[in-house]
Amino acid sequence: MDLLLTGGAGFIGSNLVRHLLVHRPEVRVTNLDLLTYAGNQENLRGLPDDGRYAFAHGDICEPGLVKELMQGKDAVLHLAAESHVDRSIQEAAPFVRTNVLGTQVLLAAALEAGVERFLQVSTDEVYGELPWVDPEETEAHRPKFTEGTPLSPRSPYSASKAAGDLLALAYHATYGMDVVVVRGSNNYGPHQYPEKLIPLMTTYALEGRPLPVYGDGMNVRDWMAVEDFCRGILAALEKGRAGEVYNFGGDSERTNLQVVKGILEALGKPEDLLTFVPDRPGHDRRYAVDFTKATAELGWTPQARFQEELGRTVAWYVENRGWWG
């Protein structure tokens, strides 16, 4: 299978490239990445030198380049995106350009080239927010996002991702194109750019800097190890039904404050490094994902245990100061 993978020098993308090359020896991957601030060729150091991987430096919004790279491809794995909510609040235009226009350019080229499958990689943030529930309250009713939850994005980032998802699904409905959409909960693991919560707090703690926690720190996220999401993306590529959406979550709800305290504990750092700062606008209170459909149709469940995987992730940043420094 010959794949075009966009955004493969980023966090999830680079982990997915490695996963594919290790677990599918017959796969060839062309990685199209613009190498913006979050894309880093160092994320792909040490890949097998067997001719199955190729890198193309370029912009998914450039129709000529995308059309050229699309020729002969069996499937597209579309991960390229502007993804940081805070940046989208400061300036929304790059998010609309990459996440909406870029998706449309890829879809049009894939349709023209007769690509067999287009897999759109998205986020649970397109659903909006859920009522807050204490993660430690085991008996509480815990509503979760399902694939049928109406889209209700609350930031420029999530709105741009929702638009890209709807475009992809529209290509299925209008042209009969084989499109699958996957939506993941908060990913964590090695090679994540240090503006996201876990790497930010880890690197700040290593430097002895105050750890800025938004609001009261009680916003809840469902944390999923990036390797679990990579397994889910591959399962959806190979087994997903055309025109369908699949949710993937880690079954690991934690408040931001719990996560940050876990990082401090793993590093042996004092909690007096915690500093509460004004909350960001429109900060969703809780996400949680129901992945029943992925289990039933794709045979997928998360394998990582959060506390163990968090420790391994923190250790990676300790051991790779040169990467994030």
Side-chain angles (χ1 to χ4, degrees), residues 1-81 83 98 102-103 105-121 168 177-180 182 184 187 189-193 225-240 242 298 300 303 316 319-320 322-323:
M1 181 180 286
D2 200 342
L3 304 176
L4 176 62
L5 190 153
T6 70
F11 165 48
I12 298 175
S14 62
N15 279 281
L16 181 58
V17 168
R18 293 180 183 280
H19 185 89
L20 290 167
L21 294 177
V22 168
H23 295 281
R24 293 295 183 271
E26 74 283 4
V27 159
R28 296 183 302 277
V29 178
T30 299
N31 171 18
L32 172 59
D33 199 298
L34 189 56
L35 297 179
T36 58
Y37 67 95
N40 188 345
Q41 288 274 43
E42 287 294 312
N43 292 343
L44 296 161
R45 182 184 292 275
L47 290 179
D49 186 18
D50 57 9
R52 294 189 297 135
Y53 171 78
F55 178 75
H57 182 212
D59 190 345
I60 62 171
C61 294
E62 293 297 327
L65 173 63
V66 170
K67 181 177 180 179
E68 178 184 345
L69 293 174
M70 198 69 70
Q71 301 307 307
K73 296 299 184 290
D74 299 305
V76 175
L77 296 172
H78 178 31
L79 289 86
S83 66
T98 299
T103 301
V105 169
L106 286 163
L107 286 163
L111 179 65
E112 182 180 351
V115 170
E116 295 176 14
R117 167 150 289 185
F118 189 103
L119 195 142
Q120 164 82 354
V121 178
M177 188 171 168
D178 187 328
V179 170
V180 176
V182 298
N187 274 226
H191 299 287
Q192 188 171 30
Y193 190 72
V226 67
E227 184 65 17
D228 277 337
F229 195 32
C230 290
R231 289 193 304 104
I233 293 170
L234 180 55
L237 175 67
E238 295 179 338
K239 304 176 188 176
L298 309 178
W300 180 92
Q303 302 298 311
W316 187 88
E319 296 162 5
N320 290 273
W323 180 88

Student check: side-chain heavy atoms of Leu106 and Met70 closer than 4.5 Å:
yes
Carboxylate-amine/guanidinium contact Arg24 Glu238, below 4.0 Å
yes
Taking Asn187 for its side chain and Ala225 for its backbone only, find out whether a donor-acceptor pair lies under 3.5 Å.
no
Testing the 3.5 Å rule here: is there a donor-acceptor pair between the side chains of Trp300 and Asp228?
no
Assess the pair Tyr37 and Tyr193: is the distance between their ring centroids shorter than 6.0 Å?
yes
Asn31 side chain vs Gly8 backbone, donor-acceptor pair below 3.5 Å
yes
Sub-4.5 Å side-chain heavy-atom contact between Leu119 and Ile233:
yes
Between the side chains of Ser14 and His191, does any donor sit under 3.5 Å from an acceptor?
no
side-chain contact (heavy atoms from CB on, under 4.5 Å), paired with Leu5, selected from Leu77, Val27, Asp33
Leu77
Hey, are the side chains of Thr30 and Lys73 touching, using non-hydrogen atoms and a 4.5 Å cut-off?
yes
Once you measure the plane-to-plane angle for His19 and His23, does it fall in the parallel (<30°), tilted (30-60°) or perpendicular (>60°) bin?
tilted
What's the shortest heavy-atom distance between His57 and Leu32, and which atoms?
C-CD1, 4.4 Å
Counting only heavy atoms not in Asp49 (residues, nucleotides, ligands), do more than 12 fall under 6.0 Å from its CG?
no
